[in-house]
Amino acid sequence: MPELPEVETMVRGLRMVMEGRRIQSVRVFDPFLLEKVSRRRFEQTLTGKRVRRIWRKGKWVVIELAGGFSAVIQPRMTGGFRASMDGNRPAHSRILFRVDGPHHHVWFCDTRRLGRVALVDEVELAAKLSADHHGPEATDITATELAAALAGTKRPIKAALLDQRVVSGIGNIYADESLFDARIHPERRANQLTAAEVRKLCRSIRRIIRLAISMQGTTMRNYFNVFGEAGSFQDRHRVYGRKDDPCVRCKTPIVRANIDGLLGRSTHYCPTCQRHE
DNA sequence: CGGTTACCCTGGATGC
DNA sequence: TGCATCCAGGGTAACC
């Protein structure tokens with residue numbers, strides 16, 4: 001579920017409960033999520049290590065340990081962390097990190113089990129976070145960078161925005177919201193946007209993603225931060241989840257459609273404000 | 001190579 | 001109430 005603002009919120013919470021602390025134990029309840037590492041090695045490698053730093057790249061969480069190893073977590077659709085002071089297991093909890101702070105228990109929960117967890121050294125970490133997987137961050141991508149990434153592809157602009165190598169951190173919600181803000185139709189071919197449109201889209205992306213971070217992300221159904229609190233950016237959605245509602249700019253009913261090349265994900269837009277020409 | 005598709009999972013909502 | 005069907009904010013391998 002989470003896109004960049006939700007993952008950023010997640011990471012800020014994790015820092016409060018884990019950063020600088022020592023991991024006392026790790027328990028993997030569902031090894032299915034582990035990527036190329038056994039349950040035993042994952043648990044043993046993390047146990048006893050101090051958490052040096054927690055950060056994110058796009059929608060991926062990095063828990064950096066003293067000594068050089070890092071855990072890289074991809075929450076994908078339904079993954080998230082939950083801190084607690086007692087040992088009660090939350091629903092769908094898959095991994096437990098016990099630390100030496102007041103929030104002794106940090107759980108990784110994932111309803112659909114699509115999330116992935118890797119254990120990497122410095123070299124593997126650099127490879128995982130390279131341009132093979134991630135373009136510039138949506139929080140600060142420049143118009144020059146965006147223009148360069150879009151020039152080479154005739155895919156629909158929305159498909160390009162969902163490609164993490166073009167811009168890192170955007171998912172279905174923020175793609176729709178950014179395109180509405182920039183008044184660009186989601187099916188426009190990426191390489192046919194004018195320079196002015198690319199600049200505008202770039203500003204919209206940065207503005208919306210930053211605003212969403214300040215509002216702790218979007219909670220539609222099951223995203224909550226580390227402390228179980230909902231975000232509030234859903235109150236500012238202009239198109240996502242607003243099918244048939246009047247456009248805030250022109251009153252035209254918002255359309256929800258399936259467009260090609262998006263793996264069946266739904267697309268919301270205003271057919272009047274976002275013209276296809 | 002760029003672009004598209006199938007698929008990995010589970011559970012809640014919707015429809016009959 | 002029960003059951004079938006559809007849908008979900010992601011990412012990647014395999015394919016054309």
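Chain letters run A, B, ... following the sequence lines, proteins first and then strands; every chain starts at 1. None of the values given here were measured: they were computed from a predicted structure.
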Practice item. Look at A:H237 and C:dG9 and indicate whether a side-chain polar atom (N or O) is within less than 4.0 Å of OP1 or OP2. Key: no

Check your understanding: A:L161 has an atom CG; how far is it from atom C1' of C:dG11, in whole Å?
Key -> 17 Å

Practice item. Look at the side chain of A:L114 and decide which nucleotide, out of C:dG9, C:dT12, B:dC8, has an atom nearest to it. Key: B:dC8

Check your understanding: Can A:H237 and A:T218 be counted as having a side-chain donor-acceptor contact under 3.5 angstrom?
Key -> yes

Review point. Is the shortest side-chain N to carboxylate O distance from A:K158 to A:D176 below 4.0 Å?
Key: yes

Check your understanding: If you look at every strand shown and take non-hydrogen atoms under 4.0 Å, does A:R165 touch a base, only sugar-phosphate, or nothing?
Key -> nothing

Review point. Hey, does the side chain of A:S266 come within less than 4.0 Å of C:dA8's phosphate (OP1/OP2), counting only N and O?
Key: yes

Review point. Should A:K59 be listed as having a side-chain N or O under 4.0 Å from OP1 or OP2 of C:dG11?
Key: yes

Check your understanding: Taking the same atom, P, in C:dG9 and in B:dT14, what whole-Å distance lies between them?
Key -> 15 Å

Review point. Does A:T153 place a side-chain N or O at less than 4.0 Å from the phosphate oxygens OP1/OP2 of B:dG3?
Key: yes

Review point. Among B:dT10, C:dG9, B:dC9, which is the nearest nucleotide to the side chain of A:H92?
Key: B:dT10

Exercise for review: Check every strand shown and say whether A:R116 touches a base, only sugar-phosphate, or nothing at a heavy-atom separation below 4.0 Å.
Suggested key: nothing

Review point. For A:K36 and C:dT12, what is the distance between atoms NZ and C1' respectively, to the nearest whole Å?
Key: 12 Å

Review point. Is the gap between the ring centers of A:Y240 and A:F233 under 6.0 Å?
Key: no

**Study point:** A:R188: salt bridge (charged side-chain N to carboxylate O under 4.0 Å, His left out) partners, not counting sequence neighbours
**Key:** A:E197

Point to revise | Atom-pair distance (CZ on A:R112; P on B:dT10), nearest Å | key: 10 Å

Review point. Would A:Y223 and A:Q216 count as having a side-chain donor-acceptor pair, cut-off 3.5 Å?
Key: no

Review point. Does any nucleotide pair with C:dG11 by Watson-Crick or G-U wobble geometry, both distances under 3.5 Å, and what is it?
Key: B:dC7

**Study point:** Cationic tip of A:R94 above A:F29 ring, under 6.0 Å, 45° of axis
**Key:** no

Practice item. For A:Y174, answer base if it contacts any base atom (sugar-phosphate contacts may also be present), sugar-phosphate if it contacts only those atoms, and nothing otherwise; contact means non-hydrogen atoms under 4.0 Å. Key: nothing

Exercise for review: Measure the distance from CG on A:N222 to P on B:dC9 and round it to the nearest whole Å.
Suggested key: 19 Å

Exercise for review: Figure out the CZ/P separation between A:R221 and B:dT10, and round it to whole Å.
Suggested key: 17 Å

Practice item. Can you tell me, in whole Å, how much space there is between the P of C:dC6 and that of B:dA6? Key: 15 Å

Practice item. Could you work out which one of C:dG9, B:dC9, B:dG3 sits closest to the side chain of A:R155? Key: B:dG3

Check your understanding: What integer distance in Å separates A:E35:CD from C:dT12:C1'?
Key -> 10 Å

Point to revise | Between B:dT10 (C1') and A:R94 (CZ): distance, integer Å | key: 8 Å

**Study point:** Heavy-atom donor-acceptor pair, A:R113 side-chain to B:dC9 base, under 3.5 Å
**Key:** no

Check your understanding: With respect to the side chain of A:F32, which nucleotide from C:dT12, B:dC8, C:dG9 is positioned closest?
Key -> B:dC8

Review point. Between B:dC9 atom C1' and A:D110 atom CG, what is the distance in whole Å?
Key: 9 Å

Check your understanding: Which nucleotide sits closest to the side chain of A:R76: C:dG11, C:dG9, C:dA8?
Key -> C:dG11

Point to revise | B:dG12 to C:dG11 separation - P atoms, rounded to the nearest Å | key: 23 Å

